[in-house]
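Step one of this worksheet: look at the structure below.
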There are 2 protein chains.
Amino acid sequence: MELSPVAQDYLKAIYHLEDEHARPVRTVEIADAVGVTSPSVTNMVETLDEHGLVEYTPYKGVELTEAGETVVLNLVRKHRLLETFLTECLDVPWTDVHREADHLEHHLSDELAERLVDFLGEPATDPHGDPIPDTDLVVADRRSYTPLTEYEVGETVVVERVPHRDRDVREHLFENGLEPGTKLSLEAVTPVGIVEVVPDDVDNLVAIPTQVARRIGARAISRGETGLDESNL
Amino acid sequence: MELSPVAQDYLKAIYHLEDEHARPVRTVEIADAVGVTSPSVTNMVETLDEHGLVEYTPYKGVELTEAGETVVLNLVRKHRLLETFLTECLDVPWTDVHREADHLEHHLSDELAERLVDFLGEPATDPHGDPIPDTDLVVADRRSYTPLTEYEVGETVVVERVPHRDRDVREHLFENGLEPGTKLSLEAVTPVGIVEVVPDDVDNLVAIPTQVARRIGARAISRGETGLDESNL
DNA sequence: GAGCGTGTTTAGACAGGTCTAATCTATTTC
DNA sequence: GAAATAGATTAGACCTGTCTAAACACGCTC
C-alpha cells in the first residue's frame, strides 16, 4: 500500500492540528493547512479512513489512528533529519530549510534515512530544537521544552526551541534575532497578550504574542552564567 | 510552466535513447524505457511537443528540442550529483545509487543542487565515471571515455566508466568485479561478439557482449605501471 | 423548539496520466 | 505493386485529486 505524497501531507496536517488543539480536527482546518477546499478534504479523509489511517466521523471531525501516526512520525523523522542535513552540511538559511525538507521528505527512502542518521552522527534534535524520532519512531519528548510563558518577568533565558511551521512567524522571529541559542531577557508581559523580550545581540524590544511565546522553548540561565560557559544540560 | 516528474522522465528517456541510437526515437522504445504502454507515450509526446520540448512527427519519431535538452541536462546534473553524494557520504552500495537518485533528482531544487556541488567540492564525474554537467549545463565531454572495444587483445587497462542504466547489466558487472578503477586484461574477442576479460582481483574469465563493452570506458596502462602508482591524469 | 448561520457533505465536472481494444500507417516481402 | 506485419495512433474508460455549486447538519439564539 503506497501512500501518495498528497495523502501524507493530509496526515501530517492532521497530526500537527491534533497536537495543537488537542481535540478532533475539523475539515476546514485541514483545508487551510493543506491549501485545498473543504470538499477535497472530505474526499481524502474518507479514503484515509478506509485505509485505517484516520478515524473519521462525518460532521464531527478526524483523528489519527495509531497506523496513521506511524506514517506521520516516519515523515517527521525524515523531515527533521533533512533539516539538520540542510543546515549543517549545505548551509541552507534557517528560514528556507523547512520548505525544502517538506518536499524532500516524501522521497527519501527509509534506508537513506538510516544512512543519513549515521552520517549526521545521530542528532537528537533538528535545527529548530525539535526532537528527531528514533528508528522505532519513538520521540524522546514530544514537547520537552519549557515554554517562554512559564518564566517570570526579569528572568534571562536561552532559547532552545522556536516555532517554525508558520512562515510569517518563523521569519519574524528570525529577523528579530530569535534563534535556538539566543539569550534573551523577559521584559514585560502586557495584559493584551504580548510578551516583550530583549534578545542579547539585538538591542530593541521584541513583542511576541503569547500564543507564539507559548511555543518558544527556553531554559533558565543560572545567576552566575554570563557568557559561554554552558557545559550543563 | 511546471513540468511533472513523469514528463521529465519521458524527456530523460528520449535523451538517452537518442544518445544511444543516434536517430529519432520510436514510440515503443520510450514506452519500454519509461515502463508504460505506447498509447501513453503518444499522449505524452503530444503535450511535450506543445510545450516545445520535443519535435514530434506522427508515425516517424521524436527528437528533443534545445529547450528539452536543457531540462534533461539539469536533471542529469542533479542525478549525478546525488549519486556522488550517496556513494561518497552515505556509503550507499554502488548498485543502488541509481535508483535512489532517479527518485530524488525530481525534487532537488536548483538552489540545493548548487549547494550540494560546493559541499562535494565540485566533482567532475559521478561514481560511474560519467561527467557531471556544470552550472551552465555544459558537459565537459558527453562521451569522453575510450570504449573497451578499442583496445587490443593482450592489453591491460583500467576501467574508468561503467554502464549502469540497465539494472541487469549493472549488477552483472558489479558481481564480476568490474567497477571504475578495476584493472583488467583483455583476453579474447570472440567472433560471436563477446569480449573476454580477466579483472585484477577476480581470477576467472568474464564474458562481456561487445554491445556492453562498447560502453565500458577504459584507459591503457603503461607497461611499467604495475600497482598503485597512478598520479597522472 | 423554530430559525439561522457556520461549517460539512454531496453532486457533478475537470485535468493529468494511465490502460485496453480497435484502427490505421509504413515498411518489408514476395 | 499487393499483401502481410510490425508499430503507432485513436477512442473510450478509469483513477486520483481537485474544483464549484448546491444541499445538508449541527449548535446557537431567541
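So you know, we letter chains A, B, ... as the sequences are listed, proteins then strands, and number each from 1.
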Requested in this report: Ignoring backbone atoms, establish whether B/Thr27 has a side-chain N or O less than 4.0 Å from OP1 or OP2 of D/dT9.
Outcome: yes
Requested in this report: Go through residues 54-62 of chain A and report each residue with a non-hydrogen atom lying under 4.0 Å from DNA chain D, sorted by number.
Outcome: A/Tyr59, A/Lys60
Query raised in the report: Which residues pass the salt bridge (charged side-chain N to carboxylate O under 4.0 Å, His left out) test with A/Glu88, sequence neighbours left out?
Result: none
Report summary line: Here the distance between atom P of C/dG7 and atom CZ of A/Arg23, to the nearest Å, is 12 Å
Query raised in the report: Nearest nucleotide by nearest heavy atom, which residue falls closer to the 5' end of DNA chain D, A/Ser40 or B/Val41?
Result: B/Val41
Requested in this report: Rounded to the nearest angstrom, tell me the gap between atom CD in A/Glu46 and atom C1' in D/dT16.
Outcome: 14 Å
Query - Euclidean distance, atom OH of residue A/Tyr10 to atom P of D/dG17 [Å, nearest integer] - result: 9 Å
Report task. Using atom CZ of A/Arg26 as one end and atom P of C/dT8 as the other, report the distance to the nearest whole Å. Result -> 7 Å
Query raised in the report: Roughly how many Å is it from CE in B/Met44 to P in C/dG16, rounded to a whole number?
Result: 10 Å
Query raised in the report: Roughly, in whole Å, what's the span from CD1 in B/Ile30 to C1' in D/dT9?
Result: 14 Å
Query raised in the report: For C/dG16, does OP1 or OP2 lie under 4.0 Å from any side-chain N or O of B/Thr47?
Result: no
Query raised in the report: For C/dT9, does either OP1 or OP2 sit under 4.0 Å from a side-chain N or O belonging to A/Ser38?
Result: no
Query - Short side-chain donor-acceptor distance under 3.5 Å, A/Thr190 and A/Glu196 - result: no
Query - Aromatic centroids of A/His98 and A/His79 separated by under 6.0 Å - result: yes
Query raised in the report: Quick check: are there more than 12 heavy atoms from other residues, nucleotides or ligands sitting under 6.0 Å from NE2 of B/His103?
Result: no
Query - Pair A/Tyr10 and A/Tyr15, ring centroids less than 6.0 Å apart - result: no
Report task. Nearest whole angstrom, please: distance from the C1' of C/dT18 to the CD of A/Glu2. Result -> 18 Å
**Report entry** Distance, rounded to the nearest Å, where A/Glu50 contributes CD and D/dT16 contributes P
**Finding:** 10 Å
Requested in this report: Considering just the side-chain nitrogens and oxygens of A/Thr42, establish if one lies under 4.0 Å of OP1 or OP2 belonging to C/dT9.
Outcome: yes
Query raised in the report: Does the pair A/Thr27 and A/Ile30 meet the rule for a side chain to side chain contact (heavy atoms under 4.5 Å, CB included), with working shown?
Result: CA-CA 5 Å; A/Thr27 305; A/Ile30 303 171; 5.8 Å; no
Query raised in the report: Counting side-chain heavy atoms from C-beta on, which of D/dA8, C/dT18, C/dA11 comes nearest to B/Asn43?
Result: C/dT18
Query raised in the report: Is the number of heavy atoms from other residues, nucleotides or ligands within 6.0 Å of CD (B/Glu55) greater than 12?
Result: no
Query raised in the report: Which nucleotide in the list C/dT9, D/dA8, C/dT18 gets nearest to the side chain of A/Pro39?
Result: C/dT9
